[in-house]
Amino acid sequence: MNERRMIRISKYLARHLRHDPQRIGLTLDEAGWADVGELLRAAAAHGFPITAAELREVVEVNDKRRFVIEGGRIRASQGHTVPVDLGLPVMEPPDALYHGTVGRFVAAIKDEGLRPMNRHHVHLSPDRQTATRVGARRGVPVVLVVAAGAMHADGHVFLRSENGVWLVDRVPPGYLRFPS
Ligand code: HQG
């Protein structure tokens with residue numbers, strides 16, 4: 001499959017497995033799973049036919065491992081706006097995690113800390129390079145360092161998604177280091 005088709009399918013899956021399953025009449029269970037056959041039928045019925053082989057390829061090859069297939073079901077590993085309980089394990093984070101953003105948000109973040117905005121959690125990256133890519137989706141990236149170890153010691157709960165993204169309810173400004 002070519003890169004363009006792969007990206008189109010990945011975006012289509014993200015839209016319907018994270019944000020808007022009703023749009024194609026799909027139902028997710030409480031943990032975010034959809035039946036693979038049902039998904040393929042719903043996509044075809046709504047003008048976006050995907051073959052089973054294409055679906056498998058997107059799930060397996062996708063650089064960020066955004067989706068998982070298990071026992072005939074598929075779900076997004078993170079990033080939902082619909083209410084789901086992914087049942088992710090609570091984990092002790094490393095001392096430092098990273099958040100990629102852009103300059104125009106920095107003043108508000110200094111003031112309020114990081115907030116989940118439309119998602120369920122604030123998303124943090126395990127390394128600077130990943131955070132740089134996340135920030136670059138919106139402009140010139142600005143990478144913030146999060147004192148995750150200190151937050152954990154102070155009782156903040158961290159989850160880790162199946163694809164290695166760290167999730168937390170919020171990051172108060174005192175735990176953030178901004179580039180000078
Ligand atoms: C910013 C993609 C103002 C925050 C990525 C970010 C990631 C604030 C934006 C995943 C703020 C929210 C998540 C505050 C946070 N005031 N702005 N108090 N607190 N922000 O997309 O972290 O491709 O919801 O800095 O790669 O950018 O979808 O979060 O810029 O892993 O798989 O508000 O989404 O993965 O944006 O990205 P998002 P994010 P996928």
Side-chain angles (χ1 to χ4, degrees), residues 1 3-21 23 26 28 31-34 39 50 55 57-70 74-84 86 88-89 91 93-94 96-148 151 156-180:
M1 190 185 337
E3 179 84 8
R4 259 187 73 217
R5 173 85 180 142
M6 181 93 94
I7 291 171
R8 274 200 73 201
I9 295 176
S10 179
K11 283 190 188 296
Y12 188 89
L13 294 177
R15 176 171 182 186
H16 298 104
L17 294 174
R18 288 172 172 176
H19 309 301
D20 200 4
R23 188 180 160 271
L26 193 66
L28 308 184
W33 295 101
L39 167 68
I50 307 167
L55 186 68
E57 190 174 338
V58 169
V59 170
E60 280 164 18
V61 178
N62 188 283
D63 56 333
K64 292 182 68 184
R65 292 180 297 123
R66 288 186 178 88
F67 312 102
V68 188
I69 292 184
E70 228 176 75
I74 182 168
R75 77 172 181 185
S77 296
Q78 34 77 211
H80 298 77
T81 52
V82 292
V84 290
L86 297 174
L88 297 175
M91 282 181 59
L97 287 169
Y98 303 87
H99 180 83
T101 188
V102 282
R104 64 180 184 278
F105 297 150
V106 166
I109 294 171
K110 280 189 173 160
D111 203 42
E112 331 175 312
L114 292 170
R115 296 194 293 119
M117 313 311 275
N118 290 329
R119 306 197 194 234
H120 295 186
H121 297 99
V122 170
H123 288 224
L124 302 174
S125 306
D127 54 76
R128 227 172 234 291
Q129 195 193 340
T130 308
T132 303
R133 275 206 303 274
V134 172
R137 285 151 57 234
R138 298 203 160 78
V140 178
V142 174
V143 174
L144 315 182
V145 184
V146 176
M151 282 183 73
H156 290 268
V157 174
F158 287 78
L159 307 176
R160 203 175 70 171
S161 74
E162 280 156 292
N163 59 344
V165 178
W166 287 88
L167 306 169
V168 68
D169 286 344
R170 65 198 174 92
V171 179
Y175 298 103
L176 289 168
R177 200 168 78 230
F178 295 83
S180 39

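Note that ligands are numbered from 1 as they come in the structure, with each ligand's atoms numbered from 1 the same way.
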Pair R66 + E162: basic N to acidic O under 4.0 Å:
no

Please write down residue, atom name and distance for the protein heavy atom closest to [atom].
atom	answer
atom 10 (C) of ligand 1	H123 ND1, 3.5 Å
atom 18 (N) of ligand 1	E112 OE1, 2.6 Å
atom 3 (C) of ligand 1	A108 CB, 3.8 Å
atom 29 (O) of ligand 1	R119 NE, 3.8 Å
atom 6 (C) of ligand 1	R138 NH1, 3.8 Å
atom 23 (O) of ligand 1	R66 NH2, 3.0 Å
atom 26 (O) of ligand 1	K64 NZ, 2.5 Å
atom 11 (C) of ligand 1	I109 CG1, 3.6 Å

Give a yes or no on this: more than 12 heavy atoms of other residues, nucleotides or ligands lie within 6.0 Å of atom [atom1] of [X].
X	atom1	answer
R104	CZ	yes
R119	CZ	yes
Q129	CD	no

Has [X] got any heavy atom lying under 4.0 angstrom from an atom of ligand 1?
X	result
R137	yes
N118	no
A14	no

Without hydrogens or angle criteria, can the side chains of H16 and R23 be said to hold a donor-acceptor pair below 3.5 Å?
yes

Atom [atom1] in [X], atom [atom2] in [Y]: separation rounded to 0.5 Å?
X	Y	atom1	atom2	result
Q78	L167	CD	CG	7.0 Å
R115	D169	CZ	CG	13.0 Å
R5	S10	CZ	OG	12.0 Å

With heavy atoms only and a cut-off of under 4.0 Å, state how [X] meets ligand 1: side chain, backbone, both or neither.
X	value
M117	side chain
K110	neither
H99	side chain

Show the nearest heavy-atom pair for residues [X] and [Y], with the distance to one decimal.
X	Y	value
V61	M6	CG1-CE, 3.6 Å
L55	I50	N-CG2, 4.0 Å
V68	S77	CG2-OG, 3.3 Å

For [X], atoms of ligand 1 separated by under 4.0 Å from a heavy atom:
X	result
R18	28 (O), 32 (O), 40 (P)
T101	4 (C), 25 (O), 30 (O)
G113	14 (C), 18 (N), 19 (N)

